[in-house]
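Have a look at the structure below before the remarks.
Whatever order the structure lists ligands and atoms in, that order sets their numbers, starting from 1. Position 1 is the first residue of the sequence; numbering continues from there.
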Amino acid sequence: MYKERTDRLLALLKAAGAQGALIHKPSNMRWLSGYTGEGLVLVADGLRAILTDFRYTEQAEQQAPDYTVHMTTAERTAEKLAAELVGAQGAAVLAFEDDEVTVRGMKALTEAMPGVRFVPVDRRVEMLRERKDEEEIALVEKACAISCAAFEHMLGVIRPGMTELEIRFALENALYRGGAEKLAFDTIVATGPNGSLPHAIPGNRVVEKGHMVTMDFGARYGGYCADITRTVAVGSLDDKQRHVYDTVLQAQLRALDAIRPGARCSDVDRIARSFIDERGYAGRFGHGLGHAVGLDIHESPRLSPTCGQVLEAGIVITNEPGVYLPGQCGCRIEDTVLVTPDGCRRLTPATKELIIL
Ligand code: ZN
Ligand code: ZN
């Protein structure tokens, strides 16, 4: 698997005029080699190398049997070691991650390898990562199952008087008890007026009757992320809140219907957005409809007004419309969705019907 991924990257690079690449981004290193530690990955024809220090060499050997592990030291820096390895390979053009390597890092690389021309990798690894294979899909699905179970658990936990922080603690506990190895991202819990902040930071705000509580969370499993948002009601809701909830739910279902191979990302976004606009909430859905999910929580492509990409089977992407009314309330409903050959499948089957606790 890792061998095939590396070969595909090298073929893409070759078409772009580069003979190899230096990979620094942890999720790209992991996807190419299986290695999860620090350091860098260097690939070229006949070269599959991990450069790291003493703390990680044994781990790298265990995790990445297709790669050779080279130990860096204070004198033998990663840049010098890379120069030696590349020199032996005779690669004259190397790609580097232009969205990852710092200016300082780039200076060290060019000084160590004066004969090498560096070209941007232009997110080619990320492009290869867009379509997930069976094994990756199974890991995302497991992360989603853990997350859905944690949501079900929370339905018996949330009650008036709890703070957002208490809800977060209970939710994250449920994720870990269910088998999460980590959280996919910082959990968002927002109650009442805080719900109008799409990325609300949980605090000491207390859940009251008549509040909507939005929880955006996900487990990480086998390195892969789940991403789910559910909004529940506590006590009862007024007509305005019900209208907001129903609008978001209908927008989400309409977009879900449109997710299939061949659909343009911007068109799927527009389906949800124009529905929300028609319902009287123009300008109150201020973020994109979704983002791909994998080893990273935010991957490409995006369901956004500006993403012209077309969906393909194997892409795992979120569908998360929201309506945010400052000072009043907010609601977001999000599924992680797999694009299948004939449509799509929700990986987060937890109910989206309005639940009043
Ligand atoms: Zn989310
Ligand atoms: Zn999301």
Side-chain angles (χ1 to χ4, degrees), residues 27 126 129-130 132 136-137 139-152 154 164 167-168 171-172 174-175 178 180 182-191 194-202 212-221 223-232 245 248-249 251-253 255-256 259 265-266 268-269 272-273 276 285-307 309 311 315-324 330-339 344-352:
S27 56
E126 284 86 345
R129 284 169 50 188
E130 286 182 358
K132 271 65 180 174
E136 294 180 291
I137 291 165
L139 293 171
V140 177
E141 193 156 18
K142 173 74 178 169
C144 287
I146 293 167
S147 307
C148 286
F151 172 68
E152 304 282 339
M154 290 308 292
E164 292 167 343
I167 292 172
R168 180 181 74 177
L171 177 54
E172 293 183 349
L175 290 170
K182 265 187 182 186
L183 303 175
F185 55 92
D186 287 345
T187 302
I188 295 168
V189 178
T191 188
N194 271 1
S196 69
L197 305 168
H199 272 192
I201 298 160
M212 292 204 276
V213 181
T214 298
M215 292 168 282
D216 186 350
F217 59 98
R220 193 182 284 264
Y221 186 84
Y224 284 78
C225 298
D227 193 359
I228 174 173
T229 307
R230 290 292 183 268
T231 299
V232 298
Y245 190 92
V248 173
L249 179 58
Q252 213 260 1
L253 294 173
L256 195 62
I259 296 177
C265 289
S266 53
V268 180
D269 178 279
R273 198 169 301 281
I276 288 171
F285 169 33
H287 56 77
L289 180 67
H291 52 89
V293 174
L295 286 170
D296 289 318
I297 184 63
H298 294 125
E299 299 191 350
S300 59
R302 307 256 173 169
L303 296 177
S304 80
T306 56
C307 183
Q309 243 176 286
L311 292 174
I315 287 176
V316 176
I317 201 156
T318 69
N319 170 15
E320 49 177 309
V323 167
Y324 310 96
C331 172
R332 179 168 63 257
I333 301 173
E334 173 180 29
D335 282 319
T336 297
V337 177
L338 167 68
V339 183
C344 69
R345 183 160 66 85
R346 285 166 65 200
L347 302 181
T348 45
T351 184
K352 293 181 281 196

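Atom OD1 is the N, O or S atom of Asp216 at the shortest distance from the Zn ion (ligand 1). When the Zn ion (ligand 1) is compared with the N/O/S atoms of Asp227, atom OD1 turns out nearest. Counting just the N/O/S atoms of Glu334, the one with the shortest distance to the Zn ion (ligand 1) is named OE1.
Asp269 and Arg302 are not joined by a salt bridge, as no carboxylate oxygen comes within less than 4.0 angstrom of a charged side-chain nitrogen.
The aromatic rings of Phe151 and Phe217 sit parallel, their planes meeting at an angle under 30°, below the 60° perpendicular limit.
The six-membered or imidazole ring of Tyr324 lies near that of His287, with a centre-to-centre distance under 6.0 Å.
Note: angle at the Zn ion (ligand 2), from NE2 of His291 to OE2 of Glu320, is 90° (rounded to 10 degrees).
Results of the side chain to side chain donor-acceptor pair (under 3.5 Å) test with Ser300 over His291, Gln309, Glu130 single out Glu130 as the only residue that passes.
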